[in-house]
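Remarks on the structure that follows.
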Amino acid sequence: MEQTVRESLLGTLEDLGEEFETFKSKLSEIQLQEGSGNIPWSTLQVADPRDLTEEMLRGCKDDDGVEVTRKVLRAINQQDLAERLTKTTGGGGSNPDQESETHQDPEMVGEELLKERRRALQDILAKLKMEQHKSMKLRLRDLQEINPESLKDWTPRALGDLPWHFLRKVMALNRTARNTNFWQGATGDQASSEENGRQGGGGNVLHHSNSDARDSLHPLDVLCAILLCSDSFLQQEILSKMSMCQFALPLLLPALDTPKCTLMLWAMRDIVRKWRPHSLADSRGFREESLVLMSVPTISFVRLGSCNFSKSKLLNEVLSPSQQHHDFFIHRDMESGNVPRKIADGLVEISWYFPGGRENSDLFPEPVAVTNLRGDIESHWLQFSFLTEVSSAVFIVTESISERQYALLSSLQGSATKYYFILSAQAEQCSETLGFLTKLAPVLKLNKLNVLEKSNGTNETEFVENLQRTIRSIMDSSTKRGNMEAVATAARELGVLVDEDCEECQSGSMWAREITVNMRDVTNCKAEMLKLQGDLWNTLTKVEKELCRMKEQGTVPPEDYKMQLKEKLSELHAQQNNCELNDGLIKFINGLEQLTAVEKHHFLKWLKFTLDHIAKDEHSRLQVQYNALAGDPQKLEELDKLISSGSLGVEHFLRELGQLYEAEHAMVKEGKMAESQKQFTRLPGIAADLMLEGFPMELIDGDVSNIPLQWVTDVLSQLHAKLGGRSRMVVLTVLGGQSTGKSTLLNTMFGLQFAVSSGQCMRGAFMSLIKVAENFQQELGCDFILVIDTEGLKAPELAKLEDSYQHDNELATLVTGLSDITIVNMTTENVTEMKDVLQIMVHAFLRIKEIGQNPQCLFVHQNVSDVSAHGQNMRDRKHLLEQLNEITKAAARMEKLHKEVTFSDIMDYDPKIQDWYLPSLWQGVPPMAPVNLEYSESVGELKKHLFQFIRIHSVEIAPKNIPQFTEWVKSLWNALKHENFCFSFRNPLATEAYNQLSAKFSELEWELKKKMHLWLSEQETFIQNQAPDELESEVFAQLSRETQQKLQHEEDKIFECLEKYIKDGASGTRMLEIKEDFIRSTRSTTTTFHHYSHQQLERAKNNRKRHCKYDNSEAEFRKIIEQEVDKLLEDCRSRERKLNNEELEQEFKAMWREVLSESMLFSSMKRPIFQEMQSLMEEDLEIRGRLMPQEAGSLLHYSMSSFTMKKEYLDLAWSETLKELFTKESWHKAEELATSLMRQCSAYIDEKANSKGDYDKIYCRDLLCMINERLQQEDVSKLHTSGCFEVDLKLHILGEAASVFQEIHDSFKKETDPRQSLKKLKLQYFSILKDLYLDKEVSHKRARDFCDQCLKPALVDYMKKRLGIAMADDMLRNGQSIDYASRGFFQFTTQKKLLEENDFYNYVRYIENYEDFVKSQIQRHLVDHYSENEGLEDLEREILSTVIERVRGALENSEDKSNTVLAFIDNFCQVLQKDLVISKDRLVGIRFINSINTGKFAAFIQTSLSDLEQQILAEFKNLEIEFKLSLLSVKPQDEIFKRVFGCGKQCPFCKVPCEAVGTDHKEHFASVHRPQGLGEYRCSETNILVYELCSSAVVSNCTFQCPETQWEVHLYKDYRTIFPDWRIQPDPCINASDYWKFVFKEFNQEFAEAYIAEPAELPGDWEKITKEQALESLEEAFKMK
Ligand SMILES: Nc1nc2c(ncn2[C@@H]2O[C@H](COP(=O)(O)OP(=O)(O)OP(=O)(O)O)[C@@H](O)[C@H]2O)c(=O)[nH]1
Ligand SMILES: [Mg+2]
Ligand SMILES: [Zn+2]
Ligand SMILES: [Zn+2]
């Protein structure tokens, strides 16, 4: 089936069909152009294919005819036909007559061959289990995903493992990646080491090894299959990593599922290599270039026929530096290298040699590329032709040349390439071969040097050296140098496919080119295209920081200074926003928005390549200048700056987008732009997509050291949304010196794409997201791992720039603060550098520890060169720890922590676990060194350890999700902008957790209180039911103990609940850190309650005793009367005549007078309470060395409201020299003190007034005690008040108390005055007498008496005891509770309500009289709440019905047990002794009751119970709610107040109340502070109200003076030395105080009037604050959004 040239040509032309005409016109055109036209147009015009064929073959030499045809075919886009023609005519240059001898069966070359290849491919893919990836290509992301497999040691056990083995290992830069032999342990011989495995097995050595080889696949087959199944980006990644391992790269991929082989141009684009040509050896310069762009000579090696030595092995020798053998190419002596290849034949591999600038040892002075064609050239003629096109020389390795091969080779005549032959042993002896060679000599221009012989006797080394020499001479003589792009052009001409020619890649390239086409250099690009991030962003950053640090404040007041800065900020934002969008940027944005995902990816890559290229060019240019300038320091510095700002990449474009977004956002926020005008709202979504696709995203802009917070927040929240809200992530960071291989480490470990520095170092920090596979999320406890790569610390080039330490510190603190684990990367080479890095690290850790986090870190020591290093480092470890301690101390000093800290205080440092040693990355000397195998393996170990750590860690501390992470970024960054990081930091998660826990705690606390109140009320009842002497005994002690136990039990329960709540991590965050406060609060609650209950019990006991005294005497008295009545009754009955009513009354009255006269002794005298108190006070003053003034007069003349400050109250002798200001200040403070004391005392007095007991001396003592205690406190003693201040204060307080106490006493007496009750009794007894005398049936009458006189008061009393508890419970637990959930929440709702009401007087009361305001607020709320709805009645009904149920039970219970009514009543009371205080003695005529029928008595009570219930309810219903509240023994308003009032401390500057939980905490704090003028602060000279804010003052350079400072001037910054228990933090954001600013500006005038001051001259921008903004700031401050 041989075809002649003629036939081929004819066939081709015929197949052109309609295109034949086009062919003819193109042909004439080409003939004209080349001036070689010999077929006239007239002939052409009419020629048919057959004519034309003849013309073509006639007009020129045969091969020329074919050549021309092919050219024309290509020109008219008929590649396929041109191809076919090439094949059928034997590569375009053979004699048509000799054509019969072609090398290949032409049919086979076409369809058949392709089919066979496809079958082979299919087979391999099936074996490798990769079939599904033929269409669904593997992506880098698939490899990055973390699953259980990622942690395995990847030793392949089955064919299906091979691709993954290769991919994972090559990603980890492991040189064993290419091995395809299987794990030996699988043969069953467990003990066998690798060697044993291969050689063992006794007799069947041979069989074993053979089977091994056959089972597996050739590494190149696996490689081809993988590349085929990977998308173009993964291909790039694979090739990059292969290049680092110094593996030869696939240049032409054989035609497997494509018609032609493919040039892997795109796949190589990413690779950049660095070398030093000998021309630069002296200047120590270097060249750095993309593999694709560099022009180097190429030497190709191909095989003709078979050969008995390995070409690849030979090449490895040729390329290996001396003393350092490396297998660039796989050869048959390598593991699995001898397995027959199935699909990889026709693969062309390429490898390079790069000189390192060492003239003695470099093999070649310039880089050179070496290609290696797998398979025989005869079957891969296209590849061979391609190689001849692009190479400077082609080495043909062969052992013999046949006739056919000779013919083929002669067709190469005229080729521009040099040909060399390497003949192996046999060829030498074969005369035929030599003969052909001789014949070929003139054709291929061969001479003796072009033929190298490699016989068995040849010395291997000599031969290799000879070859190297030959290559060197080729390099010297040949000028043929082309870069890969030129190669691609040649390839296209030959019909070789180029991977870059796909549509997506082309359109990506086009988009990128449009942006870069006019770009010449970096500086220009940045100035023209990236305007926002230049000076504008830099200035903006400075202003933003100054707003926090206020360093340049000078004499301007803080708020005004802030206003100026804010205006500047806003101005800068406007400038940014006004920047015209330039073409380049528009194209960039359009590209991102419009392109498909794949196109976009290509587009960005193209952009990256181009920008890299531009930047590199410039960099090396500058470097040359720099080196030349060595003398001039001034210029050097300038160049330095240029160099360090000379990087340019896609990240700069993205950064610009961020800036556009930020500026727009700011404009809208400042109200300068309408929401609807926004253009860039889609950008964060786009950026989030990029992150998902694996692009590292910039977190900190290292050039200006700032974070575009809004941008980052919005990108991340878009990301969160795209992830469906499932974004728990563990954050991992690497930190360390510059160029210590941090990025390399991360990339190796996780297959990431962080920029690896080449030339200039990276700036800032970038983050990359890695997905954890679904089936692994549970185990790792997170959905993602966020990896943060940072710029090198203490970069020497930056160290010269200002603020470098600060910049490093900010960066390090931020990322360690964000991280769950930090890897500290250090090279052991440079000790001082290491120390610098450690210094920064430790400082960062210390700060993070100080804000309550537990930093976790690993120290990675890189470049540890030999194995003993580990042992040696054991010794160093101790040294390291010492050093760390030293550094820690220094850092603590810098952080102004006044305490001793050692490194182990910061973290648990265990060198065994936390120190890791990595050998040097390169094995040998770059650029020819491959990655060190140990490096790769150590990194693998480290990775495993990290995952182990993550697994444990995420159980302990729930990983943050993205919203939490962004909150965290915001807080950390905000704190970092301030000078004092630790005090400025607000932990957002802890705040949230704190609020939640506070709410929970309040709930638990109330639960405890409620239980204890109920318990106490029972005990009280019980006490009231005991006989007084009973109470002195063990019974009472027992009660006290039980109460204690009960309290203890409840406290334990709270702890338990808290513990559980924290453990369950209800809010998923770190509550452990704040637990302490809550434990303390619980303790304080129980302690308070302990005192309270003790008091209550004591009081109950005393009351009981006093009452008993009275009761007993009254009972005595009644006994006498009753005896008399008895007597009288006898007497009257015994008379014959029945007495009528009047007579009976006469008799009774006479008897009564008699008895009464004796009872006179009962009327006791009223005591003059005020006199008693006065003498107590005198006593007290005497002890304190003060005198009661003569003119004082009676206490009754004094009251609290008449107290006013007087001059003589201040002891001013000491301050004559001091300014009036201080006097005023003291005056004010003393007045405040008096007011607060009086408030406190009046609360006490009120409390006493409401308790039903008589006045007791102890009341007065208590009051004096309270006053004395307060006066002795430290802050008071600093006020220098005089003795008469104390005396007057006491007079006024006790005076007020005296009148109240007198009243208490009087009314008590009134209520208990026997005479009063006697009158009542008189009537009652008379009625009894009458009934008895007339013998009436009275059981129901007595029963009603019992109900009225005993049962009802008891029930009402019960209600009073319980209703308060029930109301409080109702308020705190149900519907309303949200307002009172926690202190913060209460503050929030109160302030919000104030804003809504917008009533000036409310504000004044809120500010001036916080406690009163809160109390009345609560009271109002209570009253409103209960007067509006039925809730209260329900509560009352419920309380009453439960107790009445109990009464019913008691009735039934007692009835049958007792045969007399008295016994029955006793029994009845006994049963109810814990519920009701029934004073049965009060029942008038109890003596006569016994005659009544018990059954009837009880029955009557039973039936009247419900009436009684209704009656009580009705009475209660009719009571005014306010009055009702005053009756209750537990006051709900007090309970609620206690919950929300907290410790009651106020900010020493602005008087804002503390918001911390409970009454006992380490630090007081408040979410927002107020302008001080709201707290009456004014300028002493002008009387103008002050508008400064404490939260601003503490970062400014302002000062304050107050009694606490002894009137010394003190810096606000150092307020903690004066008020150590206050934590006043700078505002979390610029708008935080808008609420109070708004209030101030709204009521400036009113406040001034109220405070008798001049209105403040508020900064202009306060005027602009709207009510909405005020509310917003409130929500923000209390985190209520
Ligand atoms: N000799 C040697 N070179 C290394 C080693 N590790 C990394 N390198 C090279 O050092 C250069 C810098 O590596 P990077 O990974 O970019 O270092 P980096 O710490 O991220 O650098 P910056 O981010 O710029 O601070 C690269 O060219 C690496 O190939 C090592 O152990 N030994
Ligand atoms: Mg880096
Ligand atoms: Zn304050
Ligand atoms: Zn407090």
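Read the numbers this way: they start at 1 and go in the same order the structure lists the ligands and their atoms. The shown structure was predicted, so the numbers you read here are calculated from the model rather than taken from an experiment.
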* Residue pair Ser1596 / Tyr561, side-chain heavy-atom distance below 4.5 Å ->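 SC-SC contact between Ser1596 and Tyr561 ruled out.
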* Asked: Does the side chain of Thr1085 reach to within under 4.5 Å of the side chain of Phe1001, using non-hydrogen atoms?
  ->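 Yes; the side chains approach each other to less than 4.5 Å.
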* With respect to Trp1662, which candidate in Tyr1587, Tyr1635, Phe1638 satisfies the ring-ring contact (aromatic ring centres under 6.0 Å, His included) definition? ->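 Output: one option passes, namely Tyr1587.
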* Matching residue for Phe1600 among Phe1549, Tyr1615, Tyr1577 - test: ring-ring contact (aromatic ring centres under 6.0 Å, His included) ->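 Between Phe1600 and the candidates, ring-ring contact (aromatic ring centres under 6.0 Å, His included) is satisfied uniquely by Phe1549.
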* At a cut-off of 2.8 Å, list the protein N/O/S atoms near the Zn ion (ligand 3), residue plus atom name. =>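 Listed by chain and number: Cys1547 SG, Cys1550 SG, His1569 ND1, Cys1590 SG.
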Judged by modelled atom types alone, do [X] and [Y] share a side-chain donor-acceptor pair under 3.5 Å?
| X | Y | answer |
| --- | --- | --- |
| Gln1387 | Ser1567 | no |
| Gln1391 | Tyr1406 | yes |
| Ser1592 | Glu559 | yes |
| Ser705 | His807 | yes |
| Asp1627 | Ser1591 | yes |

* Near the Zn ion (ligand 4) (under 2.8 Å) - protein N, O or S atoms ->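 Per the 2.8 Å query on the Zn ion (ligand 4), atoms found are Cys1543 SG, Cys1554 SG, His1561 NE2, His1564 ND1.
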* Asked: Under 2.8 Å from the Mg ion (ligand 2), is there an N/O/S atom belonging to Ser743?
  ->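 Ser743 does place an N, O or S atom closer than 2.8 Å to the Mg ion (ligand 2).
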* If you draw a 6.0 Å radius around NZ in Lys1613, do more than 12 non-hydrogen atoms from other residues or ligands fall strictly inside? ->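 More than 12 heavy atoms, drawn from other residues, nucleotides or ligands, come within 6.0 Å of this atom.
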